[in-house]
Visitor: 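Encoded as structure tokens, here's the structure I'll be asking about.
Every heavy atom of this structure was used, including side-chain atoms; hydrogens, water molecules and symmetry mates were not.
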Amino acid sequence: MSTLALLILLIGLGIVAWVSARLRLSRLAGEERTHSLPLYHGWYVALWTAVPPILFLILWVNITPALVSYAVIDTPVAARILPSEPLERSALLAEARALAKGQIEAPFNADARLLAPAYAETQSRYDLGATALALILAFAGFAYAFTRVRPDFRARTRVERIVMAALLGASLVAILTTVGIVASLLFESFRFFSMVNPLDFLFGTRWSPQATVLPGEDPGFGAVPLFWGTIFIGAIIAMLVAIPLGLMSAVYLTQYARPAVRRWMKPILEILAGVPTVVYGYFAALTVAPVIRDAAAAIGIANASSESALAAGLVMGIMIIPFVSSMADDSIAAVPGSMRDGSLAMGATSSETIRRVLIPAALPGVVGGVLLAVSRAIGETMIVVMAAGLAANLTANPFASVTTVTTQIVQLLTGDQEFDSAKTLAAFALGLVLFVVTLLLNIVALRVVKRYREAYE
Amino acid sequence: MTGMVAQMPDRDRKVAERVPTDWKTGAMQTRIRRRYAAERRFRFMGLAAVVLSAAFLAFLLVTMLAQGLRGFTETRLALPIDFAAAGLEVTPAQLEQRGADAALASAGLERVVDNAAVAAFGPDGMDLISDTAWIRVGERLKADPGLLGGQAVIAVPASAGVDLAAKSGDTPLDARVAELRAQNRLTTGFAWGFLTGADSTDPTRVGIWGALKGSILTMVVTLLLAFPIGVLSAVYLEEYAPRNRWTDLIEVSINNLAAVPSIIFGLLGLAVFLATFQMPRSAALVGGLTLALMTMPVIVIAGRNAVKAVPPSIRDAALGIGASRVQVVFHHVIPLALPGILTGTIIGMARALGETAPLLMIGMRAFIAGPPGGFTSPATALPVQVFLWSDEVSRGFVEKTSAAIIVLLVFLLAMNGLAIYLRNKFEQRW
Amino acid sequence: IADPAAEGGEPRDRIRIVGSSTVYPFTTAVAEGFVNHNPGFEAPIVEQNGTGAGISLFCEGVGARFPDIANASRRMKPAELASCRQNGVTEVVELLVGIDGVAIAESRRGTAIALTTEQVYRALAAEPYGRPNTTRLWSDVDPALPNIPIVVYGPPSTSGTRDALVELIIRPGCLSNPAMVALEASDKDRAEAICTRLREDGPYVSAGENDNLIVQRLNANPDAVGIFGFSFLEENARTLRGVPINGVEPSAATIADGTYPGARSLYIYVKKPHMAAVPGMREFIAEFAGAWNPGGYLTRRGMIPAPADQRAASLERARTLPPLTPSDLGEAG
Amino acid sequence: MTQVHIDTPVQPDAPAPHKMTARNVDVFYGSKQAIKDVSIDVDMDRVTAFIGPSGCGKSTFLRTLNRMNDTVSSARVTGDIRLDGDDIYSPQMDVVQLRARVGMVFQKPNPFPKSIYENVAYGPRIHGLAAARGEMDEIVEGSLKRAGLWEEVKDRLSDSGTALSGGQQQRLCIARAIAVDPEVILMDEPCSALDPIATAKIEELIHELRGRYAIVIVTHNMQQAARVSQRTAFFHLGTLVEYGETSEIFTNPREVRTKDYITGRYG
Amino acid sequence: MTQVHIDTPVQPDAPAPHKMTARNVDVFYGSKQAIKDVSIDVDMDRVTAFIGPSGCGKSTFLRTLNRMNDTVSSARVTGDIRLDGDDIYSPQMDVVQLRARVGMVFQKPNPFPKSIYENVAYGPRIHGLAAARGEMDEIVEGSLKRAGLWEEVKDRLSDSGTALSGGQQQRLCIARAIAVDPEVILMDEPCSALDPIATAKIEELIHELRGRYAIVIVTHNMQQAARVSQRTAFFHLGTLVEYGETSEIFTNPREVRTKDYITGRYG
Ligand SMILES: Nc1ncnc2c1ncn2[C@@H]1O[C@H](COP(=O)(O)OP(=O)(O)OP(=O)(O)O)[C@@H](O)[C@H]1O
Ligand SMILES: Nc1ncnc2c1ncn2[C@@H]1O[C@H](COP(=O)(O)OP(=O)(O)OP(=O)(O)O)[C@@H](O)[C@H]1O
Ligand SMILES: [Mg+2]
Ligand SMILES: [Mg+2]
């Protein structure tokens, strides 16, 4: 029986179990009040019936291919034709299996045809076993749970415990993801650092990665220009745009604008954050960058690059406006209204109230928001890929081309180079740095925001 | 209290010294005028910030529209073909069967069309019509097999050069196009092919459907994974989690994941899904998994806020009549928090839909000439398509890139609009 | 438990192609033509990951997990073939599909200059002939050249065009000096460094992979020179002009006959065992062979057709599929 | 504080068992003690009022009586609280059943954002009290009638419960509590958010319900305590200062703090 | 409602001008009328108390007296309110000055999250009342002394105002209001968030301030109104039910609603 059919059968059995548990309960209980509603008894028995065999099936689906393959290897045909080289052998086995399942018509290796019947035969034997085992499990589970159905049985508590386990499991996915990220970055980074000295990487000022690192030579993996470029674009230029615009927009919308204006303008500004970054990148590269270059040329700056830090930073700043403004908005709104009333009642004007009371009181929240915005900006990729170029310059000239960590990751991993080289691995090391920096930024930002929230709650 | 009484004489002495403030003096009036001026300036700065930000948005959208709308049209050339004389080895009966495309391709339709172009427009005829004009002719034939027996004038897509010359000029073909236009052989129409086709190397033939379908498949995977996991963990963290080091760790992870650069998720996908689990490269499945990990924290955070916003009085009410905590959550909290959760989900999904960098990492930047068949077949996604087209050699791709951006923006604005609508509709009902 | 059959990967229904980004636009065009002309087959997947990376992926083995075809903007190296064979990829078929040029170009509004490979090397190398590069103006390189600053927009170090630039122009410019030839014999690594490293102090600007942007920059800065694939020059012939190298201007003709130094042959490498196992391989190769002739659609996309005799030879190979042997490469190399 | 001897004023004649008894109850929020050594009895057919200045622990103590404090993770209860002689904090006690038997009405009316019918039917539904739809209809009607709301809402049972006026909402909450057929009803300042007319209605309702349930009511309004209760407990800073017959407490308090509070010297 | 004749109880002897007068004031929130036709006088050297059940409009009316209702966009005020004879709702009236002259203290102490010194100095600074640093020091010291807080905080003027206890915070807010040298001080339930001891301190402070300012205080606590005020206004459902000498209102109310309220029949 195919796995899918078996799955459907098990679900069917679960439904039968659900119904029969309810019937049994109503027969046993009669008019008596039961501890748990029939529904929970139904679920309890259904889960016991269906879940163990399904878990078994999942396990089974993952291990049978291996078991079947080993069984096939032990057949006389296989002993005769299987090559000894592991890769070839495995390719042959895979093809034989595909032939046996009818997934392909012709194999790469003609020998696979000889092996296919053995595969088909073994596979069907194992499938039969799986079906039998699954059914036994289902009935055993059913019997166990069914006999426990009694009016005073606390089925609800049991079922709820399972629900809680599911909830806990879901929240662990976040941890798994974090672990996955750290593991995948750390492993490759270690390999990189075995080729390149970490100090050279972190403090070197020349970024010109070569695929192979010759001993005794500057490997060109000094990431300082990348770090600088990232900070220059993401934390300096973008913030010069985003902080004043975002903060003032938040102030205007929360303190001055009529509710109708606020209701409309806020979501409109939020669209700025919803536009895909690849669109910003295109916009920056094709519309903003040429304007900036021409403007630079017009004011006599020679050699203005068309891929300037300014173009990327400017557009990124625009993208970040809603982050700053919504965080500022929240923090200003979180300042108790009594502060504002207190100041107004002293005869302060609105702007005095905002500047001297509200913003200072909201400052930690605003700062936290800005830090989050910075972390978002330094992680931004596409705008820089498309608009700021690849030149790892260590320059403070906004009209020059600079590059960022994320851009280099994309370049290193999608450009023309061999895998496993220092160049590829460098991408993971850069990713690790990026991850650590955003982690720190976030922890600081969340601390700041939280402490400040607590101050008012 | 007794202490206060003791100080009283001292206080009274000091207090009497102040003269009442005179608000009518000139200095005071000037001061007040200055304060009001500062107030107006400040307010104006606020307004300017809002207007400026909105103007950026408007400028961006208008630019994209202006550049992209032309991408939805195509230039067509009226091409007379004499099928009867061309010797096409295909019968009308064949055209009505399933293998019609193959029959036409092997019958040499391409050659027939090329010859017709040379016959109609002179030696440069083949440069005037699109390389794939014959496919359009084939479609006409399939729709109307009767044409095979005679002559017909069929509007076929013009080549990229002609298209460009007709739309914007300033190309080597300008003169030729003017001539054709004078002969009334040039028409412009809506490029349906753009909405139904897939990637191509020829700007006159590219379509957005392949990328769109890739995006849809990716989003389906993302939604199916991120939504339930996100909602369940939001509920767990907000309603059940004991305050201890573990939950702190989960919280920190989630908040951090929501801000981790998207490209890092790409690296994760590369290392875990592709390298460790051996999943197929370039597949929507892997893209969806990667984006789901990215979207999940966004949903968790929105979900927690929504759950938090459900007034505790509702929980008390349910607990007070003997509902268990799981019943409280599933009967009351989740239904009431749902609008908030959905809003967060839509916003997270919109972000995932616009995401490019992680998809580049897992190989969704390949050239794929047909729409993806399923979750494991190779696919691209809309934003990646935009990125790829922006890098194309041919100038014809500029307007196609903008057109793709318009399609992408329409989707995103619709999603954001829906989120805003939900938020406004369900905002604070209690 | 590890499955002994799992390393072979799942069976495939479509062709997978990897390799050079230079050949990529042509291969994708062929892939598209292939789908149009053979509606029954799935569209091939074409990835651009560079000649070197592509060949190394290609050479990893025979079977569904491995690509069927590698695009290459240069010939396979004997070492690469050796690694192929080591992994069981014994039957590799080499097909010459056409010729591409690395064009040096400038805006039509600028002062026309002509260069030699040696001048280019001296202007762009990090250490021309072992000494630090101090040139700032073209006239520093050679007094005969105009007195304008050296601004060269070229491919980044991650790009295949960069490899071609180095192989076709920079290295020959370097090796035109006999001392360097001698050095190469004595200290290969040092010679490699001197002859292939490009300067990073400003005049050579690594532009993005996006060649369109280079074109834009040249239009903006008439004194600048750009280096990119010949097809971009053709596409933008109205605004750009090719810079003659060693007295030869880049054009379809000079590239095809090999007189332009920046010309390179484009290859695809095919695994013979895959021809039977992957659906559509034969048709795909046939499609390629139909498209590379003069007037074929590849040439309309900027590829320069190979000379007629080479085309005929390739066609014959596409039919008979003779495996590549080390001696073939030895003859070439 | 003087130890209050709780048995004196309660039952001078018969040893009828108390519905609920609390003995030496302490409640802590983290390390902060909110209730100190409180002992009290709750009887059927009586309304017991808790009074005292803000923050003295009235609500806290009330919530220990049906273990609603379990929801506050920092809260910890010691001492002995029994319902019909069963220790409600013992592991054998099922909180869900406990809360069905000891219902609660809150300060702010908190109907579910569902229809009026569903609001009342929710409790019976989760406890499986009605087998059929008709039975449920009966329960809903009966509860609404006893809560004195039936006449006002019988034609719009499917309207949202939140669309009612404050006083109606509070009566709906009472109906909801009654619907699961509890034995004790705890009310935490049930009228403090209501206008005088609605307040009067609720007070009247309490009078009517008294015959059937043991009722405990927290109130800020001393006049209200005097009007509705038979017995009054005065809390101050977490301790039970005085506990006795309402008439006595209001006319002749034994403690000076009680007297000061009742006459408005503080609070 | 019977029209209250407001002149009768006020000044039987002399026509000394009132500090503030309100005549026929209506306040609307959107279309909902919160205050109906209220007329009242506020005099120097007197404390006027507003009492009434929750939601009757006490705060609303209080806030019309220094135009704090301007901050509620839906609020609309009609009628005539004068400060020293000037219409405070006329376009010529500068709100900034008005609020400096009519100070306000709120229900919940709301010191700014700044130092104690800066809290008090804030008003004088924005109004430019102090030319030099020394002058400002004097203002701060004087205000804190008058608010009876100086001795408690003089050694920690640079500590944050929010670090004080609730009662101290409220006195800080009073000091802050005093610092701009107002003529009228409005207090909206200034003690409702405070404990009895802090309340007593504030009540004492009000007694002392009475000599210098016209004071209006809203309170829920009738005993408090009786203790601190000379004149009392009783509001109900937005109307002014009774207004007169405190002693009279509490001992001999003319209206039955007033009496019911004072004796705890409702509210
Ligand atoms: N969840 C909690 N965590 C910590 N402390 C709490 C909590 N709930 C109440 N408290 C504290 O316990 C004490 C008693 O609070 P409780 O709410 O029982 O008072 P109350 O008498 O009901 O007051 P009120 O009349 O204002 O309702 C107060 O000091 C309060 O601050
Ligand atoms: N900003 C507002 N918008 C709409 N209605 C309001 C607003 N503020 C108050 N109200 C309404 O106006 C009426 C009077 O409210 P107000 O706050 O003045 O009462 P109050 O007597 O101060 O009550 P409390 O004793 O509870 O403070 C109430 O019905 C209230 O709901
Ligand atoms: Mg309470
Ligand atoms: Mg009020």
Visitor: For residues D/Thr71 and B/Leu319, report the shortest heavy-atom separation together with the two atoms involved.
Guide: CG2-CD1, 3.1 Å
Visitor: Determine the sole option in D/Met104, D/Lys108, D/Arg63 for which the side-chain contact (heavy atoms from CB on, under 4.5 Å) test with B/Asp316 is passed.
Guide: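 Among D/Met104, D/Lys108, D/Arg63, the one that satisfies the side-chain contact (heavy atoms from CB on, under 4.5 Å) with B/Asp316 is D/Arg63.
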Visitor: For B/Ala317 and D/Arg176, which heavy atoms make the closest approach, and how far apart are they?
Guide: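 So the two residues come closest at CB-NH2, 3.2 Å.
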Visitor: Taking atom CG of D/Asn66 and atom CD1 of B/Ile321, what is their separation to the nearest 0.5 Å?
Guide: 12.0 Å
Visitor: Ring centres of D/Phe112 and B/His331 under 6.0 Å apart?
Guide: no
Visitor: By a 4.5 Å heavy-atom criterion (distance strictly below it), what part of D/Val102 contacts chain B: side chain, backbone, both, or neither?
Guide: backbone
Visitor: Return the minimal non-hydrogen interatomic distance between D/Arg99 and B/Ala323, and the atom names on each side.
Guide: NH1-O, 4.5 Å
Visitor: For atom CZ of B/Phe411, is the number of surrounding heavy atoms from other residues, nucleotides or ligands below 6.0 Å larger than 12?
Guide: no
Visitor: Which bit of D/Pro111 is near chain B, if near means a heavy-atom gap under 4.5 Å: side chain, backbone, both or neither?
Guide: backbone
Visitor: How far apart are the closest heavy atoms of B/Ile314 and D/Pro113, and which atoms are they?
Guide: CD1-CD, 3.6 Å
Visitor: Using a cut-off of under 4.5 Å for heavy-atom pairs, which of B/His332, B/Arg315, B/Arg325 has the most such pairs with chain D?
Guide: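 Looking at each of B/His332, B/Arg315, B/Arg325 in turn, B/His332 comes out on top.
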